[in-house]
Engineer: 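Have a look at this one.
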Amino acid sequence: MGIKDKGMRKNFIERMLGPIASMSLVFLLGIALTLIITGMPAFREVGVLKFIFGNEWRPTFDPPYFGIWPLIVASFIVTFGAILFAVPIGVASAIYTAEIASPGVRETIKPVMELLASIPSVVFGFFGIVFISPILQKVLGLPTGLNGLNAAIILGLMAVPTVASITEDAISAVSKDLRNASYALGANKWETIVKTVVPAAKSGIFTAVILGVSRAMGETMTVLMAAGGARGVPSSIFVPMRPMTATIAGEMGEAVIGSTHYHALFAIGFVLFAINVIFNLAAEYVKKGGNK
Amino acid sequence: WKWPWQQQKSNVVSIQGSTTNLPITQKAAEDYMKVNKDIEISVRGGGSGVGIAGIIDGACDIGNSSRAIKSKEIMNARAKGVNPHETVIARDGMAIVVHPSNSLKNITVDQIQAIYTGQIKRWSQLGGADEPIVVVSRDTSSGTYEVFNELVLKGSKLRTDCIMTVSNREVAETVKNTNGAIGYVGLAFLSDGLNTVTVEGITASNATINNKTYKLARELYVYTNGPPAGNAKAFIDYILSEAGQKIVADVGYVPLR
Amino acid sequence: MEITGNKKGKREFQQSLGFVALQMCLLAVIISLGVLLVFIFVKGIGVINPDFFIKFPEDGMSSGGIFPAILGTLLLSLVAVFFAVPMGVLTAVWLVEYSTSYKMVRILRIGINSLAGVPSIVFGLFGLAFFVKFMGFGPSLLSGGLSLGVLILPTVIRTSEEALLTVPVSFKEASLGLGATRWETVYRIILPNSISGILTGIILSVGRAAGETAPILMTGATFFTMRLPNSLFSEVMALPYHIYALMTEGTHPNQLAIAYGTAVVLMMLVLVINSIAIYIRIMARRARQW
Amino acid sequence: MSEEPKITVRNFNAYYSGKMALKDVNIDIPENKIMAMIGPSGCGKSTFLRSLNRMNDLIEGFTVTGGMMIDGKNIYDKDVDVTKLRRNVGMVFQKPNPFPKTIFENIAYGLKINKLCKSRDELSGKVEESLKEAGLWEEVKDELNKSAFALSGGQQQRLCIARAMVVRPEIILMDEPTASLDPISTAKIEELIQELKKSYTIVIVTHNMQQAARVADRTAFFMLGEMVEYSDTSVMFTKPEKKITEEYITGRFG
Amino acid sequence: MSEEPKITVRNFNAYYSGKMALKDVNIDIPENKIMAMIGPSGCGKSTFLRSLNRMNDLIEGFTVTGGMMIDGKNIYDKDVDVTKLRRNVGMVFQKPNPFPKTIFENIAYGLKINKLCKSRDELSGKVEESLKEAGLWEEVKDELNKSAFALSGGQQQRLCIARAMVVRPEIILMDEPTASLDPISTAKIEELIQELKKSYTIVIVTHNMQQAARVADRTAFFMLGEMVEYSDTSVMFTKPEKKITEEYITGRFG
Amino acid sequence: MERHFDEELKALKKNILNMASMVDELTGRAIKALKERDEALAEEVEKADEVVDLLEIEIDKQCLDLMARRQPLAIDLRFITSVMKINNDLERIGDLATTIAHKSRILLKYPPLKPLIDIPRMADMVREMIKESVNALVERDSVKAMKIIEMDNEVDSLYVQVFREILTYMMENNENIKSGIELILIAKYIERMADHVTNIAEDIVYMIEGKTIKHGFETIDRAGGA
Amino acid sequence: MERHFDEELKALKKNILNMASMVDELTGRAIKALKERDEALAEEVEKADEVVDLLEIEIDKQCLDLMARRQPLAIDLRFITSVMKINNDLERIGDLATTIAHKSRILLKYPPLKPLIDIPRMADMVREMIKESVNALVERDSVKAMKIIEMDNEVDSLYVQVFREILTYMMENNENIKSGIELILIAKYIERMADHVTNIAEDIVYMIEGKTIKHGFETIDRAGGA
Ligand SMILES: Nc1ncnc2c1ncn2[C@@H]1O[C@H](COP(=O)(O)OP(=O)(O)OP(=O)(O)O)[C@@H](O)[C@H]1O
Ligand SMILES: Nc1ncnc2c1ncn2[C@@H]1O[C@H](COP(=O)(O)OP(=O)(O)OP(=O)(O)O)[C@@H](O)[C@H]1O
Ligand SMILES: [Mg+2]
Ligand SMILES: [Mg+2]
Ligand SMILES: O=P([O-])([O-])[O-]
């Protein structure tokens, strides 16, 4: 049997794969490095702790204050609010479309939701300002409707399609076997959904939430416009606030390049990236746990 | 050292920077190119910082800015052998606006300062209704804010619950939609649904701004590397010309004359 | 055996209640998204007419059309796709089929996922530093497209990876078992069978690229130019930037309507592209039998 | 078979969207016996089985005519509560399909759904009992709170059997319960099935003739939706009545 | 076994990331014979099989020591071209895995990859020939351009066998080739396997002892990575040497 | 469907037919040796038994092998178990033929009692039965098999006749006792042979029909009956 | 692992042991009837054969059933096929016992030839052999089974002795010829019984060891040999 090697069979593209892959990884690494390198001077000048836990963000004040604690808190409030809004509603509507709605309804709703996922965020932001904010102001009797809640609702709205679409995938992917097992034990449809299907899809739903949250966390223009932008440490979700991304997007164009302010904005980007990494690590961990 | 594809396009004028200046430059470019068909002008925003950085980096021919160049930027420029040159192309006044339901007619600069630093929190303190004042400002990094900071705040800290917005239009929309709101916008953004307040008894107008009786006035600049030359000079001259200044007025800013 | 009984018990009531609750949630979503759509359409539909699609902006962008912006967005998306797709897909191929360290792939995957949550403006800054300045492309179609390309790269890589992974290992083994090399297997078996998934990912990324403002703000999109692009180094107008600028700094009342109208056009554009994606997805799923 | 059969099927026809899947099936299944169904793929075995607990109701366009009586009551009568029926007719599937919950929760599921337990103690008691019945208790008693997925395939299938049993059905249906298991696990399940007939009436579908031969008391041979032969298992496999049965079981068919 | 064996395995050990999966296996497989491997789940049958065409090279951390000789050449030598080896050692998998292409293209794939045909005519000729060998020609000759997925499971598996054969390997490895098939299709495949030994040396892994008994000339019993017994099939199943083998094949084990 | 198994079954059938014809021939030769007082032939027959024995073991092994390897059911199972039993009976017939050959060598020591007619006739009948049973097996003809069972009765009555006749010779002359006893035993052996063939026929009927007709029972073992 | 199958095998074993003890007892009673010239007992024995026959059919069916339903392999397969053969042999022994009973009734027509000593001794030996074979089967003891095969030789030599003795009586007195022949046949039957037990023992050895010791061959049928 002739099995001796007579030279490698490898073609050009195959040889190029490694370099191309490394190149694109270099690009991505470049992004991360851009954040780190450009952000580093800010950490150096301000001090890491003072930067992260500092209470005041006054980059153009004299002397400037570079404390992003209010921004971090705002980011969390807004993101958390968005989750509170988007997750139950997104998951619930996904359950409805996947399990209860007729196939026709299902095939229509899903693409429509996916379409909404690509509306430019300025439009969402403006919608927040001129449509939702006055409603909030009147209904809740607040001085202003431009606040964390407004941003949370809009971000939630933006995240709902992501959450719902991926959740729907996850729920549809739950094997028929499990449903059958539940029905065969005498459970009705509702019991089957609540006690079997949803728990079984929880890892997929979790992914949906993570991705929805990522979308919400990385979103700039919308929060910039809708959250009000006040820079104090927010006392509640009902006051104007200024999340990290809004700060980056709003101030990047005007910052004096090379100034501490400029570096600080990158440093915020880096903090955001770090939070994302932690988030994804956690997600990976939870997902692995869920599959066991 | 240059990449082979880096070429100098002689018939192109590239402008970037302040969003405040954008309407002027855009319209001017539009009209200018109608006449000078061989010239290509591209107008980009980005913000005043980007405009000045563009000059320093040589990324553009003309940098728009709604604030004056800062010393740090000048130092940067010098270090790179760039010599920023400033030209004022228009003036702008910041009108103080409140919600139409507000009965306030006049306000002093000190009062504005008190409001924006948080010493005055309710309209009742100014003789109005007993409701909280919702303070709306431009973002601290915008050129507009720089001017407001210089003329009104005079170095004191802006209150932290102040609503910060990215654009004049947003300020206008927010004030329109919020009962207790107060804000400042460029003259071009005054519209129905906004109540304009006199400052120290003076109404913002072309005349009061040009003669500096209106306290809250500012200038809009373009920067070039060295005194304007060639196509850039031609275009800046066009803005400064009669036709150009008419555009300034049309767009809603205050012409230099 | 007792199997008869009334069907209106407590459990059935609970079920009906649950269904209603779910339905309410779906309705809430549909209504709010519907309101948003109606909002945009009502405000923007007024400016939409044939001229709007084929004319240049006029009178300080307070009238005329948005043709250069439509074209610019298309071109930017094209550049982004031509950059990100081969690169992303081949990277995914490498990650899935060639890389030898599972641990490394995992780390990379987390990194790539995390990048998907980084604000897009960071990608713009990267593009500014790398393409505009370092590579010397200047602010141009090329720089802007490439910056968008880098923005969608993580998405393309991730979706391609997922798509590649859905190809049953058994196909791969069968091919290798017949004496095919790794590349032959990738090229003849794995790629053809994951192409639908990859395409879906690509086209969704295009939607994203078409709708993004921040990355092109500093790298290639111009607010206004009278010239249509004639090379990769030309600057172009773009729809999302157009919307952004008009909405935020437009001084003319008509500009707001134009902004909304442009948003409608952008959505229509994305819808067209997406519908291709959805169509391909339906067809691919129907054709897929394993 | 002097006594009343547990299950009586009379002139039973089943259709998927009008397409006939079972044709005029008549069968009596005695209590506490194991009946096996064999036959070529697509002959309607699963359809028959799933008709017995009306699982096929979930399939759109599925209709039946004729009667399927359990203890003399036609399960297709209007006044039948399907969830009650399903509680009384347990089902075990081809692939072990434990819920993604703990072992304990898997078993407790049916009890909770059907509110069969008043106290936590009663619940644990019943769970333990059914795990013992399924011969799984010794293997899992110390890890009731571990995920059911941590069990091997064979253990999972026994868990599923325990899960079906804990609600005390009277009939257990099994659709190729060992199709995805290795021979050792299969042997264990077969042993268990033979144990179970002391308390349950069991209907089992299997592709594996030898398995039918091993476990069943009576065997039915289906073809093209019809029941061709229904005999005592030993008769079926040593001297079947019909030539076609003989051909099928000796592998001469097809 | 007077003549030189086709496959000679000597002191073969296999490890997954250092964890031993095969321990000191020694086996001779004669040419044109069928060898079956049986043993409990996880005993290393698949590992052994997949070592024979180095399919396990694809698994990270897989290492071997000892020798695996085919025609006296150690396939783990440095100078062995793995793709050539795999062409000469065909493989058929548990679940039929036709490519999502036409029937014709499925068979033609290996020929094209290995550039074994000069003309279109030669290609069709070889495709037809191998389909005939696999006993599939009569069933598919009029629909060579239909998707392979349109075939039944059993037909798909025969297609996969034809696909493996068309490149004229000398050895065919089969890992539970009928595990997912119904008994009729299984019987057909078993018949085919017995036909094939005229031209090929066949190694087959099966969970189904009876299948090993039916098709193999020689049978190896593995346990915990070790080869416990390797005998003529009839000896193995009527009077195995080792007690543990006897226990396993009579189902007393475990 | 033509099965590989069928080939193996064919091989088995061939062997059992082979066995039957060997035994048949052996019987014929043993009787010939007896009748013609041919010592050499008798010795040959005695030796030939070894071949039959070997074939018996071979067939037995084959059956066991098929049972282990093919898990036969229904007709296949009945065929193989029947062959096992038939094999056993044939071997016993072979043994008896050998014993007859042995006895015929002993008889050489004595003068011939009388010309042998009935004993060879019995033997012929047995051989006829063997042949018929082979036919019944090949043709799967249970009617033929049933006829064999009837033939056994004829052999039995012939045996009684032979017994009486020889007894008379023995009573007539004391000299004849020894050879007479041997002859009676030989007749008995042939009668046994017939019994064995009857067993074979019963097995064949069982194989074909799936019902037991042994010991004169026709057992009803269908559960419900067709 | 305890298997359900084991229970069925146990039931089978119980049946075959039952069969053995029935046959054993039948033999004892037949010989008793012969010795004590007890016609009633002889008749009883003749009738009891039917029970043995029924049990034989039952066991045969059971074996077939197990083979069809359990696909036995290795030891299980060897056990079942051995039981089938043992069953057959036991039934033949039962038949022989019945025949002895029948003959003993015929003998009543003649005066007793002499007090029977050796024939009962032969029978006792056969019964001993049956009992031992049962033990060998239960204890899976092939050594015991081999001993039975040796015992057969003793029975054989006893038979030769009996044959000679009766022959002498027959030669002495013509009157004795008829009863003598019957007695010789009875002795021959008992000798056959021993042969059958030998077969049983051989089957047991095969079952336990998996090797054929029939016909004095110890076949080497391991492929490589351990
Ligand atoms: N959900 C369904 N919709 C339409 N037809 C169906 C459906 N399920 C089964 N059938 C058809 O009904 C017939 C009987 O199917 P069934 O599943 O009962 O067969 P089976 O004997 O269980 O086969 P297998 O051994 O392959 O499981 C088949 O022709 C099948 O195609
Ligand atoms: N990819 C792998 N990585 C690590 N360990 C593995 C891998 N594949 C198999 N093993 C381990 O190697 C041992 C042998 O596995 P192998 O798949 O060869 O068993 P098998 O006999 O084929 O079992 P089965 O009958 O279940 O297919 C098992 O303990 C298994 O857990
Ligand atoms: Mg089925
Ligand atoms: Mg395996
Ligand atoms: O964009 P600005 O004009 O506010 O700097």
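The sequence lines fix the lettering, A, B, ..., with proteins before strands; numbering per chain opens at 1. What you see below is based on every heavy atom in this structure, not just the backbone, and it leaves out hydrogens, waters and symmetry mates.
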Engineer: How close do C:Ala84 and C:Ile152 get, heavy atom to heavy atom, and via which atoms?
Structural biologist: CB-CG1, 3.7 Å
Engineer: Is the count of non-hydrogen atoms from other residues, nucleotides or ligands lying under 6.0 Å from C:Phe19 atom CZ greater than 12?
Structural biologist: yes
Engineer: Top residue by heavy-atom pair count (under 4.5 Å) with chain C, among A:Val277, A:Leu265, A:Asn188?
Structural biologist: A:Asn188
Engineer: What part of C:Phe39 lies closer than 4.5 angstrom to a heavy atom of chain A: side chain, backbone, both or neither?
Structural biologist: side chain
Engineer: For each of A:Phe273, A:Trp190, A:Phe27, A:Phe131, tally heavy-atom pairs with chain C at distances under 4.5 Å, and name the one with the top tally.
Structural biologist: A:Trp190
Engineer: Restricting to non-hydrogen atoms, name the atom on C:Pro240 and the atom on C:Thr213 that form the minimum distance, rounded to 0.1 Å.
Structural biologist: CB-OG1, 3.7 Å
Engineer: Between C:Ile157 and chain A, which part of the residue has a heavy atom less than 4.5 Å away: side chain, backbone, both or neither?
Structural biologist: side chain
Engineer: Do A:Phe266 and A:Tyr262 have their ring centres less than 6.0 Å from each other?
Structural biologist: yes
Engineer: So, C:Ser143 versus C:Thr219: side-chain donor-acceptor pair below 3.5 Å or not?
Structural biologist: no
Engineer: Side chain, backbone, both or neither: which part of C:Ile40 has a heavy atom under 4.5 Å from chain A?
Structural biologist: side chain
Engineer: Let's test your reading of the structure: which of C:Leu36, C:Val122, C:Val29 forms the most heavy-atom pairs below 4.5 Å with chain A?
Structural biologist: C:Leu36
Engineer: Does any backbone or side-chain atom of C:Tyr187 lie under 4.5 Å from a heavy atom of chain A? Answer side chain, backbone, both or neither.
Structural biologist: neither
Engineer: Which atom names give the shortest non-hydrogen contact between A:Ala187 and A:Tyr183, and what distance separates them?
Structural biologist: O-CD2, 3.5 Å
Engineer: Will you find, in the side chains of C:Ser120 and C:Glu212, an N or O donor that is under 3.5 Å from an N or O acceptor?
Structural biologist: yes
Engineer: Please name the pair of heavy atoms, one in A:Leu224 and one in A:Ala249, separated by the smallest distance, quoted to 0.1 Å.
Structural biologist: CD2-CB, 4.2 Å
Engineer: Is there a side-chain contact between C:Ser147 and C:Ile216 in this structure, where contact means two heavy atoms from C-beta onward sitting under 4.5 Å apart?
Structural biologist: no
Engineer: Between A:Met244 and chain C, with a heavy-atom cut-off of 4.5 Å, which part of the residue counts as in contact: side chain, backbone, both or neither?
Structural biologist: neither
Engineer: Could you tell me which portion of C:Ile30 (side chain, backbone, both or neither) has an atom closer than 4.5 angstrom to a non-hydrogen atom of chain A?
Structural biologist: side chain
Engineer: Which atoms of C:Leu125 come close to chain A, meaning under 4.5 Å heavy atom to heavy atom: side chain ones, backbone ones, both, or neither?
Structural biologist: side chain
Engineer: Measure the shortest side-chain to side-chain distance between C:Leu151 and C:Leu148 over non-hydrogen atoms and say whether it is less than 4.5 angstrom.
Structural biologist: yes
Engineer: Between A:Leu35 and chain C, with a heavy-atom cut-off of 4.5 Å, which part of the residue counts as in contact: side chain, backbone, both or neither?
Structural biologist: side chain
Engineer: Hey, which of C:Leu17, C:Val35, C:Leu95, C:Leu27 has the most heavy atom pairs under 4.5 Å with chain A?
Structural biologist: C:Val35
Engineer: For C:Tyr241, is it the side chain, the backbone, both or neither that has a heavy atom under 4.5 Å from a heavy atom of chain A?
Structural biologist: neither
Engineer: Please test C:Cys25 against A:Tyr96 for side chain to side chain contact (heavy atoms under 4.5 Å, CB included), starting from the C-alpha separation and ending with a verdict.
Structural biologist: CA-CA 9 Å; C:Cys25 285; A:Tyr96 189 87; over 6 Å; no
Engineer: Taking side chain as everything from C-beta outward and backbone as N, CA, C, O, which of these in C:Ile107 sits under 4.5 Å from a heavy atom of chain A? Side chain, backbone, both or neither.
Structural biologist: neither
Engineer: Between A:Gly30, A:Gly125, A:Ser22, which residue shows the highest count of heavy-atom pairs closer than 4.5 Å to chain C?
Structural biologist: A:Gly30
Engineer: What residue, out of A:Thr38, A:Ile153, A:Ile100, A:Ile193, has the most heavy-atom pairs lying under 4.5 Å from chain C?
Structural biologist: A:Ile100
Engineer: Please classify the contact of C:Leu108 with chain A as side chain, backbone, both or neither, using a heavy-atom distance under 4.5 Å.
Structural biologist: side chain
Engineer: Heavy-atom distances under 4.5 Å only: say whether A:Val194 touches chain C with side chain, backbone, both or neither.
Structural biologist: neither
Engineer: Does the gap between the ring centers of C:Tyr260 and C:Phe41 come in under 6.0 Å?
Structural biologist: no
Engineer: Give the member of A:Leu272, A:Ile31, A:Thr245 that has the highest number of heavy-atom pairs under 4.5 Å with chain C.
Structural biologist: A:Ile31
Engineer: Name the region of C:Leu153, side chain, backbone, both or neither, that has any atom closer than 4.5 Å to a heavy atom of chain A.
Structural biologist: side chain
